[in-house]
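Below: one structure, written as structure tokens.
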Amino acid sequence: MKRVILFIVLAAFVGTGCKYFNKNKKVDPIALQKAKEDSIAKAKAFEEEQKRIAEEQAKQEEMRKQQEYENTYRFHVIIGSFKVPSNATAWEEEVHKMGFSKTKILDSPNGFKLVSIGQYDTYSKAFNEIERINYERLDEPMEMWVYENK
């Protein structure tokens, strides 16, 4: 009896199930193309977002490294101080032509633009650089000083 019931249930399941498996579904080619295009667009948008996130993280890491460098090398050898920013830029270009390759313009708290020719991790290293530069230019010593960028 159990076998007969099992056979009937199995036959009913297979008999009705075949209708669903053998059904030929009509696929709308336009809908299929639209689905593919949507999928591709989503994938591209995801890739672009990932790329944007990676670029943003790289920028933040670069800024963090720059800030860390600035905090470590905070003693600058200053060769000029200007109230007018264009004068500071012109002097920086002139100093660069003199052979100083690590020039930089700093903003001081009092509003002046400071032209730096190098930055160091200790005051003594910055002061020694001033001494070295002026020793090489005994006939024309340059007025320089050490500035601590806090």
Side-chain angles (χ1 to χ4, degrees), residues 9 12-150:
V9 170
F13 180 70
V14 171
T16 58
C18 290
K19 292 179 193 175
Y20 297 106
F21 293 120
N22 293 332
K23 220 181 220 186
N24 289 332
K25 293 182 181 179
K26 293 183 181 178
V27 177
D28 183 15
I30 296 172
L32 184 62
Q33 183 64 28
K34 178 72 172 152
K36 284 181 183 180
E37 289 172 1
D38 288 347
S39 177
I40 291 170
K42 286 179 183 178
K44 284 183 180 179
F46 180 75
E47 286 178 11
E48 289 173 5
E49 182 65 16
Q50 292 294 83
K51 185 178 178 181
R52 187 194 63 76
I53 290 171
E55 288 173 355
E56 183 64 30
Q57 287 175 342
K59 286 179 186 177
Q60 289 177 354
E61 180 64 19
E62 184 63 31
M63 287 173 40
R64 186 195 62 76
K65 285 181 181 180
Q66 182 65 29
Q67 186 64 37
E68 185 178 300
Y69 181 82
E70 293 289 331
N71 291 339
T72 303
Y73 296 94
R74 66 180 197 264
F75 296 96
H76 294 264
V77 174
I78 304 299
I79 197 165
S81 176
F82 302 90
K83 192 68 172 176
V84 179
S86 60
N87 291 346
T89 304
W91 180 241
E92 180 192 25
E93 291 172 4
E94 188 66 31
V95 168
H96 195 73
K97 290 177 186 175
M98 289 181 201
F100 298 103
S101 61
K102 296 180 181 180
T103 60
K104 184 177 187 178
I105 297 178
L106 305 172
D107 294 320
S108 70
N110 62 2
F112 281 80
K113 302 292 183 186
L114 307 175
V115 179
S116 169
I117 59 171
Q119 55 191 96
Y120 303 90
D121 58 342
T122 64
Y123 178 88
S124 61
K125 288 180 181 177
F127 185 78
N128 288 341
E129 181 65 12
I130 293 172
E131 292 292 316
R132 184 191 67 75
I133 291 168
N134 280 332
Y135 182 77
E136 293 174 357
R137 303 174 60 98
L138 286 175
D139 55 332
E140 265 186 69
M142 300 177 81
E143 185 177 329
M144 293 179 270
W145 65 94
V146 177
Y147 171 74
E148 182 179 3
N149 195 5
K150 296 180 183 178

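These numbers come from the heavy atoms of this one structure, side chains and all, not from hydrogens, waters or symmetry mates. Quantities reported herein were computed from a predicted structural model and do not represent experimental measurements.
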Distance check, rounded to the nearest 0.5 Å: [X] atom [atom1] versus [Y] atom [atom2]?
| X | Y | atom1 | atom2 | value |
| --- | --- | --- | --- | --- |
| Phe100 | Met142 | CZ | CE | 5.0 Å |
| Leu32 | Lys36 | CG | NZ | 5.0 Å |
| Glu55 | Ile53 | CD | CD1 | 11.0 Å |
| Glu56 | Lys51 | CD | NZ | 14.5 Å |
| Lys104 | Ile78 | NZ | CD1 | 10.0 Å |
| Ile105 | Ser108 | CD1 | OG | 12.0 Å |

[X] and [Y]: which non-hydrogen atoms are nearest, and at how many Å?
| X | Y | value |
| --- | --- | --- |
| Lys83 | Phe112 | N-CD2, 3.7 Å |
| Phe75 | Thr122 | CD1-C, 3.5 Å |
| Ser81 | Leu114 | OG-CD2, 3.3 Å |
| Val77 | Ala126 | CG2-O, 3.5 Å |
| Pro109 | Tyr147 | CD-OH, 3.3 Å |

Close side-chain approach of [X] to [Y], heavy-atom, < 4.5 Å:
| X | Y | value |
| --- | --- | --- |
| Asn134 | Met144 | yes |
| Tyr120 | Val146 | no |
| Met98 | Ile117 | no |
| Glu92 | Lys113 | no |
| Ile79 | Thr103 | no |

Open item on the list: With a sphere of 6.0 Å drawn around CD of Glu143, does it hold more than 12 non-hydrogen atoms of other residues, nucleotides or ligands?
Closed with: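 For Glu143, atom CD is not crowded (no more than 12 foreign heavy atoms under 6.0 Å).
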Task: The single option from Glu68, Gln60, Glu62 passing side chain to side chain donor-acceptor pair (under 3.5 Å) against Arg64 - done: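 Filter result, single survivor: Glu68.
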TODO: Could you tell me whether Asp38 and Lys34 have a side-chain N and a carboxylate O separated by less than 4.0 Å?
DONE: yes
